[in-house]
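Written below as structure tokens is the structure these notes are about.
Computed from a predicted structure; not experimentally measured. Here is the naming used below: chain letters follow the sequence lines, and residue numbers restart at 1 for every chain. All values below were derived from every heavy atom in this structure, side-chain atoms included, with hydrogens, water molecules and symmetry-related copies excluded.
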Amino acid sequence: MNLRIISWNINSLRKRIDLLDYLSEAYTPDVVCLQETKVKDDQFPHKAVERIGFPHRLTNGVSGYNGVAILSRRPLEQGPVRDWCDRQDGRHVHAVLQPDDHDTPVELHNFYVPAGGDEPDPEVNEKFAHKLRFMSEMELWGAAMPQDGAVRVLVGDLNVAPLESDVWSHRQLLKVVSHTPVEVDHLNRIQRAHGWIDVVREVVPPEEKLYSWWSYRARDWSDSDRGRRLDHIWVTPALRPALKHAEILRDARGWSTPSDHVPVLADFEI
DNA sequence: ATGGTAGACACTCTA
């Protein structure tokens with residue numbers, strides 16, 4: 001089967017329902033994983049999303065903040081729900097993509113890692129401490145999952161840009177939350193704990209600058225191009241041979257009333 | 001060193 005997965009921090013689903021419609025028309029993804037939906041489950045715009053082409057949906061939205069969702073053209077089975085850092089925060093949703101008869105099931109994890117506030121010191125900044133704690137739990141979670149050749153996909157706004165080429169200036173961002181050594185170290189440990197493969201960097205060489213987020217505060221996001229690659233699609237080694245294509249949809253930052261994040265896309269032939 | 005913008009919600013918090 002062909003499988004196109006998109007991950008996107010949409011920064012309010014209700015505000016950008018038309019952009020989701022456009023994305024769906026233009027790229028025909030089989031699965032869309034959203035972060036920062038900013039909508040409670042009981043207010044989720046199910047009808048509009050269904051009309052756009054996603055009859056199957058899983059949501060985890062608890063407030064006007066955070067919130068994640070998985071939208072799919074294929075049937076989904078809800079995976080076990082769990083808390084992270086003892087909070088009900090809407091930062092993780094888990095689905096198993098129901099296979100056709102001869103296909104293997106695909107386990108999907110959609111994460112929204114805490115942004116971490118401004119000060120990169122867990123002693124004085126509770127948000128940064130929460131971010132590191134959340135990532136430590138992700139590492140334990142990944143290490144505890146059997147590495148049994150299962151086909152798994154982890155996507156989301158991980159709020160860390162790991163490589164030097166994932167930020168506009170490595171030197172100037174070393175003390176900026178999202179690119180500090182302690183965060184990069186945490187992200188690398190999560191990756192190693194379960195052998196996750198970063199599919200975009202399988203396709204784009206690590207020397208090449210690549211971003212998925214540009215601040216709203218820049219005068220001209222494209223001209224200054226001070227971006228960071230915060231959004232990721234990872235897969236288990238079992239899925240690596242099936243990877244056909246991956247890209248970051250940079251142009252989406254130039255859409256009208258855009259999110260500050262752009263979609264990340266990956267194609268598999270399983 | 002500072003402030004710049006965007007969204008939810010209803011005061012200010014989060015990013």
Side-chain angles (χ1 to χ4, degrees), chain A residues 7-23 33-46 48-49 59-69 84-85 87-92 110-122 124-135 155-162 166-169 171-180 182-183 186-187 211-232 248 250 252-264:
Chain A
S7 175
W8 189 22
N9 179 323
I10 195 169
N11 188 18
S12 172
L13 171 58
R14 288 173 294 181
K15 197 84 184 170
R16 266 173 266 288
I17 198 86
D18 291 344
L19 290 186
L20 177 68
D21 192 10
Y22 174 75
L23 178 76
C33 296
L34 297 174
Q35 305 88 34
E36 281 208 90
T37 53
K38 292 187 174 177
V39 60
K40 287 182 192 158
D41 285 342
D42 60 12
Q43 295 177 44
F44 194 90
H46 282 286
V49 173
T59 68
N60 183 4
V62 290
S63 68
Y65 305 127
N66 309 333
V68 289
W84 298 84
C85 300
R87 304 192 195 193
Q88 294 84 47
D89 253 356
R91 296 188 177 276
H92 174 230
N110 179 16
F111 279 97
Y112 176 46
V113 172
D118 287 332
E119 184 62 48
D121 179 354
V124 300
N125 175 8
E126 165 52 31
K127 290 178 195 163
F128 194 72
H130 178 216
K131 181 177 196 172
L132 297 184
R133 209 155 55 236
F134 192 99
M135 295 179 82
V155 311
D157 176 1
L158 305 185
N159 264 318
V160 179
D166 291 334
V167 292
W168 64 275
S169 167
R171 195 178 55 83
Q172 288 181 254
L173 287 177
L174 273 170
K175 290 177 178 169
V176 174
V177 172
S178 72
H179 192 61
T180 64
V182 63
E183 291 166 272
H186 273 63
L187 196 76
Y211 317 131
S212 66
W213 173 89
W214 293 260
S215 171
Y216 280 127
R217 296 173 187 175
R219 222 169 266 120
D220 182 328
W221 72 273
S222 181
D223 185 53
S224 54
D225 202 18
R226 296 184 169 191
R228 308 175 199 170
R229 190 171 71 102
L230 306 177
D231 302 274
H232 304 274
I248 296 182
R250 178 186 168 102
R253 189 60 179 77
W255 292 349
S256 69
T257 61
S259 169
D260 46 354
H261 295 253
V262 299
V264 184

If you find the nucleotide of DNA chain B closest to Lys15(A) and the one closest to Asn9(A), which residue's nucleotide is nearer the 5' end?
->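 Of the two residues, Lys15(A) wins.
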Closest nucleotide of DNA chain B for Lys40(A) versus for Tyr65(A): which of these residues is on the 5' side?
->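 Counting from the 5' end, the first nearest nucleotide belongs to Lys40(A).
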When the [atom1] atoms of [M] and [N] are compared, how many Å lie between them, rounded to an integer?
{"N": "dC9(B)", "M": "dT5(B)", "atom1": "P", "value": "22 Å"}
{"N": "dT14(B)", "M": "dG4(B)", "atom1": "C1'", "value": "16 Å"}
{"N": "dA15(B)", "M": "dG3(B)", "atom1": "C1'", "value": "15 Å"}
{"N": "dA10(B)", "M": "dA6(B)", "atom1": "P", "value": "22 Å"}

Judged by atom type as modelled, is there a donor-acceptor pair below 3.5 Å linking the side chain of Glu183(A) to the main-chain atoms of Ser178(A)?
->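 Answer holds: yes.
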Counterpart residues, ring-ring contact (aromatic ring centres under 6.0 Å, His included), relative to His179(A) (two or more places apart) |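 If we apply the ring-ring contact (aromatic ring centres under 6.0 Å, His included) test to His179(A), skipping adjacent residues, the hits are His170(A).
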Taking only residues two or more places apart in sequence or in another chain, which ones pass ring-ring contact (aromatic ring centres under 6.0 Å, His included) with Phe128(A)?
->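 With sequence neighbours excluded, Phe128(A) shows a ring-ring contact (aromatic ring centres under 6.0 Å, His included) to no residue whatsoever.
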Would you classify Arg91(A) as touching base, sugar-phosphate or nothing, given that sugar-phosphate means primed atoms plus P, OP1 and OP2, and contacts are heavy atoms under 4.0 Å?
->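 Touches sugar-phosphate only.
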Only counting residues at least two apart or in another chain, list the ones meeting salt bridge (charged side-chain N to carboxylate O under 4.0 Å, His left out) with Arg14(A).
->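 Salt bridge (charged side-chain N to carboxylate O under 4.0 Å, His left out) check on Arg14(A) returns nothing, list empty.
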In chain order, what residues pass the salt bridge (charged side-chain N to carboxylate O under 4.0 Å, His left out) check against Asp225(A), with sequence neighbours excluded?
->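 Counting only residues at least two positions away or on another chain, Asp225(A) forms a salt bridge (charged side-chain N to carboxylate O under 4.0 Å, His left out) with Arg250(A).
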What residues form a side-chain contact (heavy atoms from CB on, under 4.5 Å) with Gln172(A), not counting sequence neighbours?
->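 Listed in chain order: Trp168(A), Ser169(A).
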Can you give the first and last nucleotides of DNA chain B, 5' to 3', that have an atom under 4.0 Å from a heavy atom of chain A?
->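 Range of nucleotides within reach of chain A: dG4(B) to dA15(B).
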